Student: 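Right, I'll just put the structure down here and ask away after.
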Amino acid sequence: MEILNGKERASILRAVKALETGEIVAFPTETVYGLGAVAENPYAVAKIFEVKKRPHFDPLIVHLDGPERLKDYVSDVPGEARQLMKAFWPGPLTMILTKKPSIPDIVTAGLPTVGIRIPSHPVALELIGTLQRPIAAPSANPFGYMSPTRVRHVARSFADRVPLVLDGGDSAYGIESTIISFREGGVFVHRHGAISVEELSEHVRIVEKTRAPDVCESPGELPYHYAPMKPLRLVNGPSDARHEASSYLAFRPPGEELRSRHVRILSTSGDLREAASNFFSALIELDRDDVDIIYAEKLPEKGIGRAVMERLRKAARKHPPADGPQPVE
Ligand code: TXA
Ligand code: MG
């Protein structure tokens, strides 16, 4: 894989050429790195599923560089959507809207809807703007693994399977976009993400989940996602983390001594945004061969902390606790 400086025009032109010829290209966004293909090219999009080993029932998000061409891809944009576009686009908010036939079925896994977002990262915007076509892109990680927030994460995962990645520096948010749909005159949150519920509710009414809790509202809402290879346990603090062959993910500097071999602190000042931006890279670093378990400290569930906790809970569900006393969740 070639790593190209995304700030250089020549790199953008190389990436555009690759996309135009049906290749897939990894690129930075303000949330996490994406693995992109021209959304209107089903053969190119198929490569994304293949390279990520992603099941075909899990639809991709389509990225645009501005709202002008939205009407070519979606019909029926509710008033709430327009309001939120003004407030949060470009930025980390994905809206699920009714799709037009210009979006191939492979992108949406056969659904009548498509998730659309306009990223705010300048490299992503320049890439889409130069290409002048929408880019379908999931996060640039193998299916089920943690999302990449550094260019080296992408290079490590897809060294010989993706021809090039544009380097746009470390992802500012470090957590994926918030995914919403529109129902009952309000907004339903499918995935908590970089835009918090508090921020959304300044503009629209949030509709709580009305269906049975075990119903998947979105095909990608699988119970295990974003998971490290090693088992992960949620803990309240260092005293719950007794095993020595372990890693410890701390929200803020721990007040007590830690037994774990490897420790990462998400924020020295206990700031949730800083914690979110370091989250995936810290967890990737703690997922090591010489540990049996990763302990992850709970974060306050407000603002972007809710998105981090949603991902930690999913990661913890991948390897449920074995018999015997376990730290409380
Ligand atoms: O921040 C992000 O959203 C990043 C960057 C690259 O833009 N992308 C990302 O994509 O996280 P991905 O594929 O890793 O996650 C997209 C999620 C999936 O869980 C998928 O099921 C859901 O969005 N999704 C996409 N289209 C949908 C639709 N039409 N209806 C319901 N869920 C949808
Ligand atoms: Mg993903």
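Note that these values count all heavy atoms, side chains included, but never hydrogens, waters or copies made by symmetry. We count ligands from 1, going down the list as the structure has it; atoms in each ligand are counted the same way. Computed from a predicted structure; not experimentally measured.
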Student: Answer yes when Glu80 and Lys86 have at least one side-chain N-carboxylate O distance shorter than 4.0 Å, and no when they do not.
Tutor: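 So Glu80 does not pair with Lys86 through a salt bridge.
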Student: Verify whether the ring centers belonging to Tyr295 and His243 lie closer than 6.0 Å.
Tutor: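 Judged by ring-centre distance (under 6.0 Å), Tyr295 and His243 do not meet the cut-off.
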Student: Counting distance only, does the side-chain N/O of Arg69 pair as donor-acceptor with the main-chain N or O of Gln132 below 3.5 Å?
Tutor: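 Confirmed, Arg69 side chain pairs with Gln132 backbone.
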Student: Within a distance under 4.0 Å of any heavy atom of Gly34, pick out the atoms of ligand 1 and give their elements.
Tutor: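 Per the distance check, 6 (C).
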Student: Between Thr130 and Leu127, is there a donor-acceptor pair closer than 3.5 Å when you use the side chain of the first and the backbone of the second?
Tutor: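 Not confirmed, Thr130 side chain does not pair with Leu127 backbone.
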Student: Below 3.5 Å, N or O to N or O, backbone or side chain included: is there any such pair between His190 and ligand 1?
Tutor: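 Among all N and O atoms of His190, none is under 3.5 Å from an N or O of ligand 1.
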Student: Classify the side-chain pair His190/Ser181 by whether it contains a donor and acceptor separated by less than 3.5 Å.
Tutor: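 Note: His190 and Ser181 side chains meet the donor-acceptor criterion.
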Student: Would you say Ser139 has an N, O or S atom lying under 2.8 Å from the Mg ion (ligand 2)?
Tutor: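 Checking the Mg ion (ligand 2) against Ser139, an N, O or S atom does fall under 2.8 Å.
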Student: So, Thr94 and Arg191: side-chain donor and acceptor under 3.5 Å apart, yes or no?
Tutor: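 Side-chain D/A pair, Thr94 to Arg191: absent.
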Student: With a cut-off of 4.0 Å, which atoms of ligand 1 are near a heavy atom of Ser177?
Tutor: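 Matching atoms, with element in brackets: 1 (O), 2 (C), 3 (O).
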Student: Within the structure, does Thr113 bring an N/O atom to less than 3.5 angstrom of an N/O atom in ligand 1?
Tutor: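 Among all N and O atoms of Thr113, at least one is under 3.5 Å from an N or O of ligand 1.
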Student: Under 4.0 Å from any heavy atom of Thr31, which atoms of ligand 1 are there?
Tutor: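 Those qualifying, in numeric order: 1 (O), 2 (C), 4 (C), 5 (C).
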Student: Going by the atom numbers of ligand 1, which of them fall below 4.0 Å from some non-hydrogen atom of Leu111?
Tutor: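 So the answer, numbered in order with elements, is 28 (C), 29 (N), 30 (N).
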Student: Check whether Ser139 reaches the backbone of Asn141 with its side chain - one donor and one acceptor, N or O, closer than 3.5 Å.
Tutor: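 It does not hold such a pair.
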Student: N/O to N/O below 3.5 Å, does that happen between Arg54 and ligand 1?
Tutor: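 Between Arg54 and ligand 1, an N or O pair is found under 3.5 Å apart.
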Student: If you measure every N or O of His63 against every N or O of ligand 1, does any of those distances drop under 3.5 Å?
Tutor: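 Looking only at distances, the answer is yes, because the N/O contact criterion of under 3.5 Å is met.
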Student: Is a donor from one side chain sitting under 3.5 angstrom from an acceptor on the other, for Ser260 and Ser247?
Tutor: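 There is no such pair between these side chains.
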Student: Please find the pair of heavy atoms, one from Val32 and one from Ser147, that lie closest to each other, and give the distance.
Tutor: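 Residues Val32 and Ser147, closest heavy atoms: CG1-CB, 3.7 Å.
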Student: Just let me know how Ile179 lines up against ligand 1, side chain, backbone, both or neither, with a heavy-atom cut-off below 4.0 Å.
Tutor: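 For Ile179, the contact with ligand 1 is made by the side chain alone.
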Student: Tell me whether Glu176 has any N or O atom under 3.5 angstrom from an N or O of ligand 1.
Tutor: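 By distance alone, the answer is no.
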Student: So, does Thr108 sit close enough to ligand 1 that a heavy atom of it is under 4.0 Å from the ligand?
Tutor: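 No.
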Student: Below 3.5 Å, N or O to N or O, backbone or side chain included: is there any such pair between Thr94 and ligand 1?
Tutor: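 Min N/O separation from ligand 1 is not below 3.5 Å for Thr94.
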Student: Any idea which part of Asp58 is under 4.0 Å from ligand 1, heavy-atom wise: side chain, backbone, both or neither?
Tutor: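 Under 4.0 Å from ligand 1, Asp58 contributes side-chain atoms alone.
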